Amino acid sequence: MIKNLKFIIFIILSFFIFFIFLKGLDKPNNYLPEKTLNKIETSLVFKSLNNQEEILLEELINNSNFSIINIWASWCVPCREEHAYLLRLKNLNKINIIGVNYKDKRSNALKFLSDLKNPYSKVLIDKDGTKSIELGAIGIPETYLVNKNKVILKKYIGPLDNLKFREIIELIKNETN
Amino acid sequence: MKQIKLILYIFGFTIIFLNSLKAENSEMVEKISKNLRCLICQGQSVYDSQSDFALSMKILIYKKIDEGKNETEIYEFLKNKYGDWIVYDPEINKNTILLWVIPLILFIFGGILIMKKVSIR
Amino acid sequence: MINQIGNYSLYISLIASFYLIFQSSILIRNNFKYLDSKIFSVLSIQLLMVLISFFSLIFGFVNSDFSNETVYNNSHSTKPLFYKISGSWGNHEGSLLLWLLVLVIFLFIFLINSKKLSTKYRLLTVMFQEIIIIGFLFFILFTSNPFSSIFPIPKEGMGLNPILQDPALAIHPPILYFGYVGTSIIFSSSLSALVCGSINKIWAEHIKNWIIISWVLLSIGIMLGSIWAYYELGWGGFWFWDPVENVSLMPWFCLTALLHSVIVLEKRNLFHSWIIILSITTFLLSMSGTFLVRSGILNSIHTFANDPSRGVFILCFLFFLILLALFIFFIFHKKNSTSSSNFYLLSRETSILVNNWFMMFFLSVVLIGTIYPIFLEVINGSKISIGPPFYQKLIGLFLIPFLLFMAIGPNLKWIKSNFNKINLNQLVILIISLLISYLLVRFYGSTFVLAIPLFALGFFLFILTIKDFFFKDSKLSKKISHFGFSLFILSILFNGVFSKEFSSNMKVGDERVFMNKIIKFENIKIIEKSNYKSLLAEFIIIDNQDIINLKPEVRIYNQPKTLTSEADIASTIYSDNFLVFNVIKDDGYYNVRYQYKPLMMWIWFSIILISTGGILGYLKK
């Protein structure tokens, strides 16, 4: 009797473990945290690229309904690839696009923007990369779509592409309604 | 003369003190960054990694220590941004209590089994 | 052509498996007393087929036959010959073929070496092993075939990762696999002995050899992996409690427990059921390891790139084996009257039981630490990391009593020891050890809380195992292995507690002072090699009169575009001086890391000692 009970317990335990592992296989295996933060850290103060004035991120976000915070650098190859989408977003929707220049030389950053055109209403400097970490970023390029209330609607790790571009437009449309 | 000597002494001690603080701070940065996972590397700690993320992280930790934050506060701060899994040491909370407790329970269980088999003479 | 040969040989092996299972079951049912020669011949054919298949794959790699998808993905025409060959088993499909080969080879050797045992037992072992072989054949043929063709035939292969072109890394998998797969024979023969009811001293003697072989090869395999990590990967560590590393350690704990328990079976005819449970668990851990590493369920720096559909297959196969083992165990397990007799607290049987107890604890810590994140994520959605601090805390803490028991246990007498065996001598040595370790930690300084007790018991074990060499009353193999283990613990402790490191950004001409040594960055040269650009840095370390020259290197490869950091290590019997540098964005500056690592060589040496004890035990038949 006891023997049978032990046996049944083991069988049940085995099936339980089996199903957990089976489900576990479905889980995405990547390291990238998709959305841990809900709100963006706006109490950060940055120096601006143009004239070294100090800007509080909160003020920039408060001023428009939707903002895009895009972390980039002149030495980052994928940032060049996604630049066109940022320009399109600027022209299309008049969203406030804020750039965060990451670990870059001022002259190189300015040259990048004059060569490829400037989609940013303001460019903020993150010289040592710590402010990007305070924003919750793990690398570049990284883009946040936030609303007026500092809520992160979507976070994109990696360069923007057509799909993500369309998604941004959709999200803005949905939020406005 | 005596006043100059005094000022020099205070100056000297301050430098030594600051240097030792700096050394302590660096040790602290080392200790914390060894316990953090580099999120863009596969299986490396922030201490070991030379990636941009890791280097910036180390600077940030240093700044936070300078601000007076202690180890626990820094971990909390980072966990808020990146989730629990940036920290290698699983702290004891409702999620991880079983993790620490199951091996101990099994150990005690094993001990009981052995006690049953063994007679003390 | 070669691809077809390789492929069809596997199909023939599959047919052979079915035949062997079928024929064995008939022979068993009809109670044949002698092993039918057909069994032997068909097994030989199967072995031949798998060998042909394996060598076909190697042939494909050596000839850079890029019509074969596996060769295309993992090789390159400019790879040196040695690495072309080792590349054939360094990928998912090839490594499975290696698993299969070892499964068949070991079964073949088993059949030859088991002539003194009953026919029923031998046939049942063949049956169980063939079930495993069929599982692997299905897995290979239908999900991971190393002989799939691509058309059009590419001109060049993709596999030129320089980190993988290293001698230690080339032989680490085969040796490790021999260790892993050896546990399959232990599994099959244990189930078989259970069904036959022949778990006894004769069987113990026979299975002990297989256990030793598996254990020695697994130990050396793990050591080679750590050596590679230390010398090649440039972070100065050799063990990271990474899931793939843990997966190799878990069967090792089981095998150690099994090795000791089977000695009790041999000497005192005890632990029958427990040994079967251990045998089953060891092999299932090896299989689970295969699942965890190849299915993509775990994150690791080591995992083969894989897809979850393969994971489903292995998972199902794994649980089929678990259910099979459970069924057979519960049906055939008898409560032996002798095995339920109690034994005395102070006896060698009890100390081996204590060894098993701790081995199972360490196993559970590593197992739970490795799979807990999966469970948590499925049940709860949260993702946590379990890294070195967890393992170090739990294992470190419980090592303290374990070392104590290991010091006094092995010399207790069989059946019963008298209390005064725990004599004054040992107490004195313990106190001396405590004193030495207290002074050591106080003098050199450490904030590690467990340092003093761990060192104390490490020294205690060390002294007692040395003392054993002067008494003739036990086997040399045991003395060497136990001494090797105490050396291992001490070297890990010294290395872990007293290592010092230093990291700083330096440019050429810079000097730093660290630990009363001067570290000087003399020079950096750029050398163009055939397939990479080498940045060779020259450093001197001046320590009073001693001058150490170190030349770490950064290699910039073009195909594929990778950067590797090659550390330079100056090893002596006292310590290793480890230096590595990395390129950083600041022009002219490099990030330099120097580590002083005491007793590093002793870690490897002690593992070799432990294995030597095992080999000695095997040879003394």
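The sequence lines fix the lettering, A, B, ..., with proteins before strands; numbering per chain opens at 1. None of these values were measured; they are calculated from a predicted model.
- Minimum heavy-atom separation, B/Lys81 to A/Glu41: NZ-OE1, 3.5 Å.
- Counting all heavy atoms, side chain and backbone alike, B/Phe53 lies closest to A/Tyr102 at N-OH, 4.0 Å.
- Annotation: B/Phe77, atom CZ; neighbour count of heavy atoms from other residues, nucleotides and ligands within 6.0 Å is above 12.
- One finds the OG atom of B/Ser56 at 12.5 Å from the CD1 atom of A/Ile138 (value rounded to the nearest 0.5 Å).
- A salt bridge (charged side-chain N to carboxylate O under 4.0 Å, His left out) check over residues 73-87 of chain A, counting only residues at least two apart or in different chains, returns nothing.
- In A/Lys164, the NZ atom is crowded: over 12 heavy atoms of neighbouring residues, nucleotides or ligands sit closer than 6.0 Å.
- Annotation: side chain to side chain contact (heavy atoms under 4.5 Å, CB included) contacts of A/Thr130 (sequence neighbours excluded): A/Asp126, A/Asp128, B/Ile59, B/Leu60, B/Lys63.
- Near-neighbour residues of residues 109-116 of chain A relative to chain B, defined by a heavy atom under 4.5 Å from a heavy atom of that chain, are none.
- Of all non-hydrogen atoms in A/Lys103 and B/Leu55, the two that sit nearest each other are NZ-CB, 3.9 Å.
- A search for side chain to side chain contact (heavy atoms under 4.5 Å, CB included) contacts involving B/Ile74 returns B/Ile32, B/Ile61, B/Lys64, B/Ile65, B/Lys69, B/Leu78, not counting sequence neighbours.
- Applying the 6.0 Å contact sphere to CD of B/Gln3 captures no more than 12 heavy atoms from other residues, nucleotides or ligands.
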